[in-house]
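One structure is given below, encoded as structure tokens.
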Amino acid sequence: MSNHIKTINPATHEVIFDQPGTSLQEAAQVATASKKAFESYRKTTLNQRKEIVKRALDIVDTRIDDLSKELTTQMGRPIKYCAGEIKTMRLRAEHMMDIAEENLADLPGQPQEGFRRFVKRVPLGPVLIAGAWNYPYLTTVNALVPALIAGNTVILRPSPQTPLFGNRLVEIFTEAGLPKDVFQVVHIGSLDVLDQVAQLPEVQSISFTGSTAGGIRLREATASQVKPVNLELGGNDAAYVRPDVDVKNVAENLVDGAVFNSGQSCCSVERVYVHEKVYDEFVRLVQEDLKNYKLGDPHDESTTTGPVISAPSKVKIQSHIDDALSKGAVDVTPENASFSLATTALKGNWVAPIVLTNVNHDMITMKEETFGPVMPIMKVSSDEEAISLINDSDYGLTTSVWTKDLAKGEELIDQIEAGTVFLNRCDYPAPDLAWTGWKTSGLGCTLGPRAYDGFTKLKSYHIKSA
């Protein structure tokens with residue numbers, strides 16, 4: 001696998017970024033510099049580190065228009081939504097700074113005459129963060145801010161699809177006053193090289209956001225070493241619609257959950273189970289809502305749905321659709337003139353939103369992560385059937401249940417095997433709640449009350465009076 005980085009605009013197929021990737025030798029030098037920088041950076045105060053992060057966020061605010069346009073060009077999300085990601089990044093970062101003092105405070109031991117005994121949370125050292133292209137600001141901030149605030153140095157490997165994002169972030173933090181080599185970027189196109197960088201002895205921990213296969217690969221690469229690997233991985237997230245809902249409202253929410261970002265969200269709604277009493281009405285209202293969507297140029301403010309990330313991604317999504325259709329699924333996507341772009345465009349990775357009915361668990365799209373704007377809808381006859389089907393999955397990132405009966409809804413979400421469960425909302429990581437995947441959806445946790453656990457280690461102190 002080549003380590004060259006060649007980033008292709010998913011809407012036009014024009015080359016955005018083309019340069020050799022960081023070699024293992026260069027990455028080793030980066031890691032050495034990171035370890036050296038750690039020795040002084042770890043001695044800075046918590047307030048000093050928070051001030052630097054706050055200044056960086058202020059600089060981001062002044063550049064939000066340019067950063068948004070650059071992000072749209074790199075990964076194809078419509079421009080009307082890109083500023084929202086960057087603004088949400090700030091809210092997440094501010095929450096993590098707010099809880100830093102409590103999260104990093106010493107833990108007292110039990111009182112003992114003649115002793116002072118406590119546990120310190122201390123930084124790890126150089127941390128390797130391997131980010132994702134689908135929400136580069138949001139997925140990176142989950143690890144970057146607690147890593148820096150806790151006193152670690154950071155080596156960021158941005159996705160080869162969003163390399164400019166990584167460069168800009170380092171520029172911004174440097175301008176904000178972060179000391180030299182505390183935050184560095186490496187561009188790596190080869191998974192073989194990424195494995196080797198993860199194995200460098202200076203690297204004390206790895207935080208990876210991406211596919212389940214990619215996360216398992218990094219665990220295997222570091223299996224002979226004793227270093228933590230924090231993983232935010234894939235999903236095949238489900239929704240269950242009970243018969244007592246406002247069907248129109250739920251249909252609109254779930255179309256958004258399935259199609260936003262062209263279905264390329266870790267917590268996209270990838271399968272929908274609807275009670276038979278409202279099934280036909282729900283499908284009809286999904287069709288009505290989708291008529292208002294517009295597939296098109298992501299730099300056009302009226303576009304709701306851009307291209308998918310790559311030609312191989314388009315092929316994979318289509319293979320999941322073809323598999324379902326070959327096994328009896330029915331394409332009930334409404335007429336929408338803009339969707340024809342998916343079949344007429346000469347350039348770009350266009351996939352139109354698609355609604356499938358008559359689906360079942362023999363179909364790949366109901367069992368694996370499709371990561372595209374595909375909305376399969378399955379009829380169920382009871383709560384028990386819905387919960388059984390929801391849990392019939394190797395993944396466990398998020399699940400939503402929709403009902404006006406909150407007591408029953410809470411009883412149902414208690415039974416669901418997922419790290420985040422929603423009642424009457426979906427597709428929303430909250431900074432004050434843990435972001436954690438169950439099953440093959442992840443390992444470890446970011447955000448929430450344990451946001452710093454992955455970026456510190458414990459050191460116990462027994463101090464006896466002389």
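Every value quoted in this text rests on a predicted model; they were computed, and no experiment measured them. Numbering starts at 1 and runs along the sequence shown.
- Residue-environment remark: NZ (Lys316) exceeds the threshold of 12 foreign heavy atoms within 6.0 Å.
- When the side chain to side chain contact (heavy atoms under 4.5 Å, CB included) test is applied to Glu417, the partners found at least two apart in sequence or on another chain are Asn391, Trp438, Lys439.
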*Could you walk me through whether Val269 and Asp237 pass the side-chain contact (heavy atoms from CB on, under 4.5 Å) test, one step at a time?*
CA-CA 5 Å; Val269 175; Asp237 292 3; 5.8 Å; no

*Test side-chain hydrogen bond (donor to acceptor under 3.5 Å, both in side chains) on Asp322 and Gln318 and set out the steps.*
CA-CA 6 Å; Asp322 293 344; Gln318 190 61 49; 2.9 Å; yes

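- Applying the ring pair (Phe, Tyr, Trp, His ring centres under 6.0 Å) definition to pairs two or more places apart or across chains, none involves residues 312-331.
- Within 6.0 Å of atom CD in Glu101, 12 or fewer heavy atoms from other residues, nucleotides or ligands are found, so the atom counts as exposed in its surroundings.
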*Given Arg242 and Thr403, is the side-chain hydrogen bond (donor to acceptor under 3.5 Å, both in side chains) satisfied, shown in steps?*
CA-CA 6 Å; Arg242 298 188 78 235; Thr403 180; 2.9 Å; yes

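- A 4.5 Å side-chain heavy-atom check between Leu144 and Leu169 finds at least one atom pair inside the cut-off.
- Without hydrogens or angle criteria, Gln264 side chain to Phe371 main chain gives no donor-acceptor distance under 3.5 Å.
- At distances below 3.5 Å, not a single donor-acceptor pair connects side-chain atoms of Asp256 with backbone N or O atoms of Glu252.
- Without hydrogens or angle criteria, Lys291 side chain to Pro334 main chain gives no donor-acceptor distance under 3.5 Å.
- The closest side-chain donor-acceptor pair between Tyr293 and Ser338, if any, does not fall under 3.5 angstrom.
- Scored by the ring-ring contact (aromatic ring centres under 6.0 Å, His included) test, His13 finds no partners at all (sequence neighbours excluded).
- No donor-acceptor pair under 3.5 Å is formed between the side chain of Asp289 and the backbone N or O of Ala251.
- No side-chain donor-acceptor contact under 3.5 Å links Asn336 to the backbone of Asn292.
- A salt bridge is defined here as a Lys NZ or Arg NE, NH1 or NH2 lying under 4.0 Å from an Asp or Glu carboxylate O, and Asp300 with Lys294 meets this definition.
- Counting heavy-atom neighbours within 6.0 Å of Glu410 CD, excluding the residue itself, gives a total of 12 or less.
- Salt bridge Glu288/Arg284: absent, no basic N to carboxylate O contact under 4.0 Å.
- Listed for the Asn230 side chain is no donor-acceptor partner under 3.5 Å among the backbone atoms of Ser207.
- Among residues at least two apart or in separate chains, side chain to side chain donor-acceptor pair (under 3.5 Å) pairs with a member in residues 76-93 are Asp58-Arg90, Asp61-Arg90, Arg77-Glu85, Arg77-Asn261, Arg90-Glu94, Arg92-Asn142.
- Residues Asp195 and Leu218 meet the side-chain proximity criterion, which asks for heavy atoms closer than 4.5 Å.
- The ring-ring contact (aromatic ring centres under 6.0 Å, His included) test applied to Tyr137 returns Phe165, not counting sequence neighbours.
- Lys347 contributes no side-chain N or O that, together with a main-chain N or O of Glu14, makes up a donor-acceptor pair within less than 3.5 Å.
- Residues Met375 and Val272 are in side-chain contact: their nearest non-hydrogen atoms beyond the backbone lie under 4.5 Å apart.
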*Quick one: do Glu232 and Thr446 satisfy side-chain hydrogen bond (donor to acceptor under 3.5 Å, both in side chains)? Show the steps, please.*
CA-CA 9 Å; Glu232 293 185 41; Thr446 55; 2.9 Å; yes

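- Side-chain atoms of Asn236 come within 3.5 Å of backbone atoms of Met366 as a donor-acceptor pair (strictly under, hydrogens ignored).
- Taking Asp323 as the reference, Lys327 meet the side-chain hydrogen bond (donor to acceptor under 3.5 Å, both in side chains) condition, with sequence neighbours excluded.
- Residues Asp394 and Lys367 are not paired through a salt bridge, judged by the lack of any N-O separation under 4.0 Å between the basic side chain and the carboxylate.
- Phe17 pairs in a side-chain contact (heavy atoms from CB on, under 4.5 Å) with only one of the listed residues (His187, Gln74, Lys6), which is His187.
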*Taking it one step at a time, do Val351 and Asn349 satisfy side-chain contact (heavy atoms from CB on, under 4.5 Å)?*
CA-CA 7 Å; Val351 177; Asn349 312 315; over 6 Å; no

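- Between the side chain of Arg121 and the backbone N or O of Ala105 there is at least one donor-acceptor pair closer than 3.5 Å.
- For Arg63, the CZ atom is densely surrounded, since the number of other residues' heavy atoms within 6.0 Å is greater than 12.
- A salt bridge does not link Arg217 to Glu220: none of the charged nitrogens lies less than 4.0 Å from a carboxylate oxygen.
- Under the 3.5 Å distance criterion, the side-chain polar atoms of Thr436 are left unmatched by any main-chain donor or acceptor of Cys445.
- When each of Thr12, Thr73, Thr72 is paired with His299, the side chain to side chain donor-acceptor pair (under 3.5 Å) condition holds for Thr73 and for no other.
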